[in-house]
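Only heavy atoms go into these numbers, but all of them, side chains included; no hydrogens, no water, no symmetry mates. Since this is a predicted model, take the numbers as computed values, not measurements. The chains referred to below are lettered A, B, ... by the order of the sequence lines, with proteins before strands, and numbering in each begins at 1.
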Protein chains: 2
Amino acid sequence: MTNNKLLSDFKDALRKEGLKITPQRIAVLEEIIKNKGHRESEDVYMAIKTRKTHVSRATVYRTLDILVQNGFARKLNLGDGRARYEPKIDSPHHDHMICNNCGKIIEFVNHEIEKIQEEIAKHHQFKLQQHIHQLFGICKECQ
Amino acid sequence: MTNNKLLSDFKDALRKEGLKITPQRIAVLEEIIKNKGHRESEDVYMAIKTRKTHVSRATVYRTLDILVQNGFARKLNLGDGRARYEPKIDSPHHDHMICNNCGKIIEFVNHEIEKIQEEIAKHHQFKLQQHIHQLFGICKECQ
DNA sequence: TTTATAATTGAGTATCATTCTCATTTATAA
DNA sequence: TTATAAATGAGAATGATACTCAATTATAAA
């Protein structure tokens with residue numbers, strides 16, 4: 001998926017929701033899909049501010065919410081009090097391994113776990129909507 | 001494990017750490033092992049305050065940390081900005097299913113997932129220390 | 001048992017990410 | 001071009017948790 005396609009998808013989504021297409025919203029989308037991954041709101045705010053578009057922290061938070069709500073981004077809670085945002089497009093579902101020493105984030109995918117999860121939910125007649133699966137420890141480089 | 005045994009274990013742990021045995025610390029332990037599970041700090045604070053021992057929020061937070069550090073309690077991050085604490089004694093390792101509607105917390109155990117997790121970590125030469133595995137959705141009663 | 005003292009406590013303040021408020025600005029439909 | 005509802009931004013509010021420091025207390029030693 002090209003960035004142009006993404007951009008127009010985002011504009012479509014905004015229209016569909018009755019939201020306006022503003023330079024700030026476009027800038028947040030562009031910053032997020034740069035695919036540096038796992039960005040903090042403050043990060044995104046600073047990057048946009050430094051580069052070109054005038055934006056406020058409030059608008060960054062608001063736009064990140066829109067991105068999450070419309071499936072363009074995923075919001076991660078790594079337990080340190082600061083949310084992270086990653087682009088959701090083109091990236092298959094994955095979970096995260098976080099280094100307790102250097103903070104590095106490694107993505108992992110495991111279909112077996114996904115399957116077992118679903119079985120567990122089913123067994124409890126629980127309608128599974130999302131999940132968080134994070135492994136914390138010390139990465140290869142930090143040992 | 002009786003509560004008396006637990007109490008004396010806690011006292012031993014405090015001594016071992018060079019910490020003093022205070023009524024406030026004992027009260028926090030007692031409140032946590034009541035096994036209502038998944039207690040918020042504010043909960044614990046109110047319960048102790050209402051019943052008997054004079055205690056402050058600060059001391060509750062400090063003591064909960066001591067309990068976690070010494071393996072008497074586990075701290076949960078459910079993504080809503082308020083930590084939960086559960087007694088760790090006698091309870092086998094488990095993860096949590098959280099109802100997005102009513103907030104109910106259901107515990108689940110799955111050894112297969114634990115095993116796969118370890119394999120994933122090993123594969124990345126990652127030294128696994130803790131993990132978070134939470135399933136969010138709608139519980140049986142809320143459907 | 002008393003004393004000395006370092007640890008603990010509590011009240012209130014600080015912090016920090018995030019959300020809210022509301023006056024001003026702007027995108028967009030007509 | 002205009003009208004207007006939505007969006008924005010600056011700063012204040014929020015809420016959980018951590019910090020500060022003077023007063024209190026547990027405990028080891030006398």
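- Nearest to the side chain of H54(B), among dG10(C), dA18(D), dT8(C), sits dG10(C).
- An OP1 or OP2 oxygen of dT18(C) is reached within less than 4.0 angstrom by a side-chain nitrogen or oxygen of Y61(A).
- H38(A) places a side-chain heavy atom less than 4.5 Å from the side chain of H96(A).
- Closest approach to the T22(A) side chain among dG10(C), dA27(C), dA17(C) is made by dA27(C) (side chain taken as heavy atoms from C-beta onward).
- Taking the side chain of K20(A) as heavy atoms from C-beta on, and the options dG10(C), dT28(C), dT8(D), the nearest nucleotide is dT28(C).
- Distances shorter than 4.0 Å separate some side-chain N or O of T59(B) from OP1 or OP2 on dG10(C).
- No N or O donor and acceptor, one from the side chain of R57(A) and one from the base of dG11(D), sit under 3.5 Å apart.
- Sparse packing is recorded around NZ of K115(B), with 12 or fewer heavy atoms of other residues, nucleotides or ligands lying under 6.0 Å away.
- Map E42(B) and P23(A) each onto its nearest nucleotide of DNA chain D; the residue landing nearer the 5' end is P23(A).
- Within the model, atoms NZ of K75(B) and CZ of R84(B) stand 12.0 Å from one another, a figure rounded to the nearest 0.5 Å.
- If you measure from atom CG of D80(B) to atom C1' of dT17(D), you get 14 Å, rounded to the nearest angstrom.
- Here dT8(D) is the nucleotide among dT8(D), dT9(C), dA26(D) with the atom lying nearest to any side-chain atom of R25(A).
- Note: the hydrophobic cluster containing L128(B) also contains I120(B) (ILVMFWY, side chain heavy atoms under 4.5 Å, direct or indirect links).
- Nearest nucleotide to the side chain of L19(B), out of dG9(D), dT26(C), dT8(C): dT8(C).
- Each of A58(B) and Q24(B) lies near DNA chain D, and the nucleotide nearest A58(B) is the one positioned closer to the 5' end.
- At a threshold of 4.5 Å between non-hydrogen side-chain atoms, the residues I32(A) and Y85(A) count as touching.
- The S41(A) side chain lies nearest to dT18(C) when the options are dG10(C), dG9(D), dT18(C).
- Within the shown strands, dA6(D) is the pairing partner of dT25(C) under the Watson-Crick or G-U definition, both distances less than 3.5 Å.
- Comparing dT8(D), dT25(D), dA17(C) against the side chain of R82(A) picks out dA17(C) as the nearest.
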